[in-house]
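See below for the structure under consideration.
Just so you know, these numbers use all the heavy atoms, side chains as well, and skip hydrogens, waters and symmetry mates. Below, read A as the first sequence line, B as the second, and so on, with proteins coming before strands; counting in each chain starts at 1.
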Amino acid sequence: MKRWLVLLLAVCLLCGCAAGPQEASAQIFSMDTVIDITVYGDGAQDVLRDARAELVRLDGALSRHDSGSALAALNRGAGGPVAVEEELYDLLYAAAAYAADTGGCFDISVAPIMDAWNFTGDTPRVPSQAELEALAAHVGSERIVFDGGTVTLPEGMAVDLGGIAKGYASDRLAALFAQRGVTSAKVSLGGNIYVHGTKTDGSLWRVGVEDPNDPGNFLGAVELRDRFAITSGGYQRYFEQDGVTYYHIVDPKTGNVARSGLLSATVICGNGAMGDAFSTALFVMGLDAAVDFWRTYPVEFDMILADDDGHVYLTEGLRDCFDASIAEHEYEYIFLSKE
Amino acid sequence: MNTFSSQKNNAVPRLRPAPLDAVVVLAVLVLAAALFAAMLPKQSGGALACTVSRDGQVLDTFPVEENSPGERVYGAYTVSVAQDGAVSVTAAPCAGQDCVRTGAVRRAGQNIVCLPGRFVVELSGTDGDGSGVDIVVR
Ligand SMILES: [Zn+2]
């Protein structure tokens, strides 16, 4: 009798194994991008539903172009103090701090300049230098006044959280997964990545880093868990006029398209909002300033910088988890150390 | 025979395997092997599948093969497969035409997105060179 029970038990175990863990995934259009979320494990469907609701909420709160959003109200009230709820207050405060940390290479008050270029619109154009200079005079997060619950934008300033909102949203999803005991999930917010826990077989997530010279290919792959990976690269959006290519990343200090010699800057770290802000900042800084910044910044992060001369620079923390073997093209890989 | 040893004889089960035990072991092993084989990734030599969706709803899924070029039309969108298996959006109703300018995709994990039209073309499956990435940062 017992031996048949053993057989029955073995069959059940094997079948459970073959059926695999629960999985739920969704593709969501929100925050001006396409978001893919996959959650594994018990209750995956419920977690996914809550993740979707959170993204819709954030989109409503943080969009500048939605006239009903708290951010739009703040911009309309520029010149005087505007009462702002805690979440938006904290995010604006963090963004202003990142602007200060990066010497203004990332700045949420670059919004009017981005509007002038109209990269995301149907008719992008090259603004005149006079126009850019006039607009650049209104840029500078250091002039935003934070006063415990109210925020004052100087007259003429407008802020846009597009450079940090997706990263912040990934932070929120990471917190949701942790709170709900999820052990395996992956998220792509238009190419901004967060990988939670491990794959269901316990192995690390393999994150491909797109090749800016050939978006069909990779610079390599990084094996990660519980990490955010965010790339800024001009190659993602650009337009051409009179034979000149204009990439969509602007130096907030001048209003001109950033031409730093980098083709892409990828940040890998434990904070999505920071990674989002820094990937833009590093791209604007260029190689030397980016390396200096990485060496001196008090919070640990890793980065991958691809220049326009066939070099890929990686920070030392990636030495053991970066796999260049999947790169189709030949690059010189250079590891950076803190000294 | 004392009481102690007789109790001991009753408590210890017979350890010599019976023929039926062997049958059970064999059955479990065969089943495990069969399931293991079924769960192995399909060695399809770099087979790619293309999924076309709108607003998160899948409209179409088709295998992408070399040497079978063609066009598929979804409303105002045209998705083209080239001779070499590269997939691109060659016609779209959106004003910006970002999706058309994205160009061709060739590997699992790559996609072409038309945000205004909420139209997505996505490649998945075992890719030919075994890069085996789970997700792409771009
Ligand atoms: Zn389009």
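- A salt bridge links Arg107(B) to Glu328(A): at least one charged side-chain nitrogen sits closer than 4.0 Å to a carboxylate oxygen.
- Contact annotation for Ile268(A): neither backbone nor side-chain heavy atoms come within less than 4.5 Å of a heavy atom of chain B.
- A salt bridge does not link Asp134(B) with Lys186(A): every distance from a Lys NZ or Arg NE/NH1/NH2 to an Asp or Glu carboxylate oxygen is 4.0 Å or more.
- Counting heavy atoms from C-beta on, the side chains of Val133(B) and Phe218(A) come closer than 4.5 Å.
- Heavy-atom distances place the side chain of Ser53(B), and not its backbone, under 4.5 Å from chain A.
- At a threshold of 4.5 Å between non-hydrogen side-chain atoms, the residues Val120(B) and Phe29(A) count as touching.
- Only the backbone of Leu204(A) comes within less than 4.5 Å of a heavy atom of chain B; no side-chain atom from C-beta onward does.
- Using a 4.5 Å heavy-atom cutoff, the side chains of Val207(A) and Val136(B) are not in contact.
- Proximity of Thr231(A) to Arg138(B): side-chain heavy atoms (C-beta onward) are nowhere separated by under 4.5 Å.
- Ranked by heavy-atom pairs under 4.5 Å with chain B, the list Ile193(A), Val187(A), Val209(A), Ile230(A) is led by Ile193(A).
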### Task
Apply side-chain contact (heavy atoms from CB on, under 4.5 Å) to Gln27(A) and Gln57(B), showing your working.
CA-CA 8 Å; Gln27(A) 187 166 69; Gln57(B) 303 297 312; over 6 Å; no
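- Tyr238(A) OH: 12 or fewer foreign heavy atoms inside a 6.0 Å radius.
- Chain A forms the most heavy-atom pairs under 4.5 Å with one residue out of Ala95(B), Ala86(B), Cys94(B), and that residue is Ala95(B).
- Using a 4.5 Å cut-off on side-chain heavy atoms (C-beta onward), Val195(A) and Ile135(B) make contact.
- Taking the side chain as every heavy atom from C-beta outward, Gln110(B) and Glu210(A) approach each other to under 4.5 Å.
- Only the side chain of Asp36(A) comes within less than 4.5 Å of a heavy atom in chain B; its backbone stays farther off.
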